[in-house]
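In what follows, a single structure is set out as structure tokens and then discussed.
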Amino acid sequence: MGVYKPMWSFLGAPDGGWGWAVLVGCFVITGFSYAFPKAVSVFFKELIREFGVGYSDTAWISSILLAMLYGTGPLCSVLVNKFGCRPVMMVGGLFASLGMIMASFATSIIHIYLSTGVVTGLGLALNFQPSLIMLNRYFSEKRPLANGLAAAGSPVALCCLSPLGQVLQYNYGWRGGFLILGGMLLNCCACGALMRPLLPPKKLKSLEESGDGAVQEQKKPQPKKRLLDFSVFKDRGFLIYTIAASVMVLGLFVPPVFVVSYAKELKYEDTKSALLLTILGFVDMFARPTCGLIAGTKWMRPKTVYLFSFAMIFNGCTDLIGSQATTYVGLVVFCIFFGMSYGMVGALQFEVLMAIVGTEKFSSAIGLVLLMEAIAVLLGPPGAGRLLDATHNYMYVFLLAGCEVTLSAFILAIGNFLCIRKKQKEPEAKMEMAVTAAETEELRRSEDNEDSEVVHKGQNGKAGEVVNIVKGAVEEIKEGSPETSL
């Protein structure tokens, strides 16, 4: 039982045009969402001195930010399905900015938790998820490339925000830095304004509004759209993806958290240790769009899920081999390969989800997936920290992370190969069925009204015009539409 779709909805994503502006907005939002929790950490020493707390207390700021980003996924899905992407993102931009501005007047660490962690985290969540939904609506054939370019916003922003945070702290203190960062987050509102809803072509819209012929047949009462569609759990592909992604997140974020401390443990100076993250981010910056470009090719697009599995195996094996590094050169090589594999995973994770559930259910699916990943995000790094406290050996931390990521790759690949039957060409099949129904209705009307009045012929002609336009659009889309193996 579906929601009413007007005829022009079968024309598909524009794959360009204003979509490139949407891509720019998604690039900026992705950068803020993923880099901001890490960039705020440069102020932790000042906060420790100001409020007399420990490092573990300040670390909760980034943890709460990430928990809000992932854990509020279902709430974002409900709001997007109720109000649309643009208003949700603009309100989210106000929340993100307000949280940092409020934090600049904080008098205790609890105030920082509530303002920066909860309010700003909620604002970033209300921007991140809708931006991905809009990207999915604007791109189809070029979607892997678009996802790769948008995902590159994370390493780019991290390379910019961390040094900027240090400059702001040095010149204005942590309060002035928070205030300026709050002003910067207002750019989320501008990015939200770019998310213009897709509108129907004028000709088809005018024909649809006339209420004649085949279009009128589609305007029958349909069930109201669910604000959160749990029917995605009936899809075996979605279940396998969710399980694999949750296991992957347990170990995916552990190496970037511990690699600098590992270098310091090996008695390397702070500047050389911090350079490792810069190297990782620089490689990651180019790996994401490159992987998106490869995933968009005709010979690779149907096998995107296996490319994603390879990326996870690549990342897991890098952790396993990197756990044996005992020199600075070894850690540099580890960061280069980890940046490549980490970028591949970042570019493909939402592309694969889009391919599994489709455009219609993506807004609900991503919210539910992020909620499951939120649990893993909160368990992964702290669990690795407990292992480090027990063993006092970083090797076991990297080995655990590598095993978790590698296991998730096998869950996804084997699950896809054994448990999921190949679906039909979902977008093309739906379009063909819709057009066929319209054509059938037109033929029936033509036969019934052969001897009717001229008015009726005019109505049939108008309906036939709709059918011809849609048929032509479908043929254009089908020429460049790749198949999906999911």
Side-chain angles (χ1 to χ4, degrees), residues 34 70 132 144 147-148 150-152 154-155 236-259 280-281 283-284 286-296 300-323 334-357 365-366 369-370 372-377 379-381 383-384 397-420 484-486:
Y34 277 120
Y70 283 87
L132 291 176
N147 272 308
S154 175
R236 285 179 292 178
F238 175 77
L239 287 175
I240 292 171
Y241 175 89
T242 303
I243 295 171
S246 299
V247 175
M248 176 189 72
V249 170
L250 283 172
L252 183 65
F253 300 126
V254 169
V257 172
F258 288 95
V259 68
L280 191 156
V283 176
D284 183 15
F286 292 97
R288 297 188 183 221
T290 302
C291 183
L293 189 64
I294 294 173
M300 185 55 70
R301 184 76 181 273
K303 303 177 181 63
T304 308
V305 65
Y306 296 112
L307 180 62
F308 185 40
S309 300
F310 168 76
M312 290 191 289
I313 292 176
F314 185 12
N315 186 270
C317 291
T318 301
D319 293 342
L320 295 174
I321 297 173
S323 65
F334 164 75
C335 287
I336 291 174
F337 282 95
F338 185 87
M340 292 171 59
S341 59
Y342 189 73
M344 291 176 67
V345 171
L348 293 172
Q349 58 178 338
F350 295 118
E351 165 60 26
V352 172
L353 179 60
M354 291 175 185
I356 291 174
V357 300
I366 187 175
V369 167
L370 289 178
M372 299 299 294
E373 289 184 355
I375 301 172
V377 166
L379 292 177
V397 172
F398 284 81
L399 286 174
L400 176 63
C403 290
E404 289 167 340
V405 177
T406 304
L407 174 63
S408 68
F410 283 110
I411 292 174
L412 183 64
I414 297 175
N416 181 74
F417 183 76
L418 297 179
C419 302
I420 304 177
T484 302
S485 67
L486 293 168

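Since the structure is predicted, the reported quantities are computational estimates derived from the model, not experimental observations.
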Crowding at CE, Met372 (>12 non-hydrogen neighbours, <6.0 Å): no

Shortest non-hydrogen separation from Gly148 to Ala347 and the atoms involved: CA-CB, 4.0 Å

Atom pair CG (Leu353) and OG1 (Thr242), whose distance is rounded to the nearest 0.5 Å: 7.5 Å

Backbone N/O of Cys403 and side chain of Thr406: donor-acceptor pair under 3.5 Å: no

Closest heavy-atom pair and its distance - Gly402, Asp319: CA-CB, 3.5 Å

Nearest heavy-atom neighbours spanning Gly322 and Phe334: CA-CD1, 3.7 Å

Ser323 side-chain N/O to Leu320 backbone N/O, donor-acceptor pair under 3.5 Å: yes

Inter-residue atom distance Leu293.CG - Met300.CE, 0.5 Å rounding: 12.0 Å

Check against side-chain contact (heavy atoms from CB on, under 4.5 Å), Val369 and Phe238: CA-CA 9 Å; Val369 167; Phe238 175 77; 3.4 Å; yes

Minimum-distance pair of heavy atoms, taken over all atoms of Gly339 and Ala287: O-CB, 4.0 Å

Main-chain N/O of Cys335 paired to Tyr342 side chain as donor or acceptor, under 3.5 Å: no

Distance-minimising heavy-atom pair for Val405 and Gly251: CG2-C, 3.8 Å

Inter-residue atom distance Ile243.CD1 - Met248.CE, 0.5 Å rounding: 13.5 Å

Backbone of Ala151 reached by a side-chain donor or acceptor of Ser154 within 3.5 Å: no

Nearest-0.5 Å distance, CD of residue Gln349 to CD1 of residue Ile366: 8.5 Å

Minimal non-hydrogen separation, Arg288 against Pro155, with atom names: NE-CD, 3.9 Å

Identified side-chain contact (heavy atoms from CB on, under 4.5 Å) counterpart of Asn315 within the set Phe338, Phe337, Phe310: Phe338

Phe253 atom CZ: more than 12 heavy-atom contacts under 6.0 Å: yes

Atom pair OG1/CD1 of Thr304 and Ile294 - distance to nearest 0.5 Å: 11.5 Å

Interatomic distance, Asn147 atom CG to Leu132 atom CG [nearest 0.5 angstrom]: 7.0 Å

Leu370 vs Glu373 side-chain heavy atoms within contact, under 4.5 Å: yes

Of Val352, Ile411, Leu412, the residue whose pairing with Ser309 passes side-chain contact (heavy atoms from CB on, under 4.5 Å): Leu412

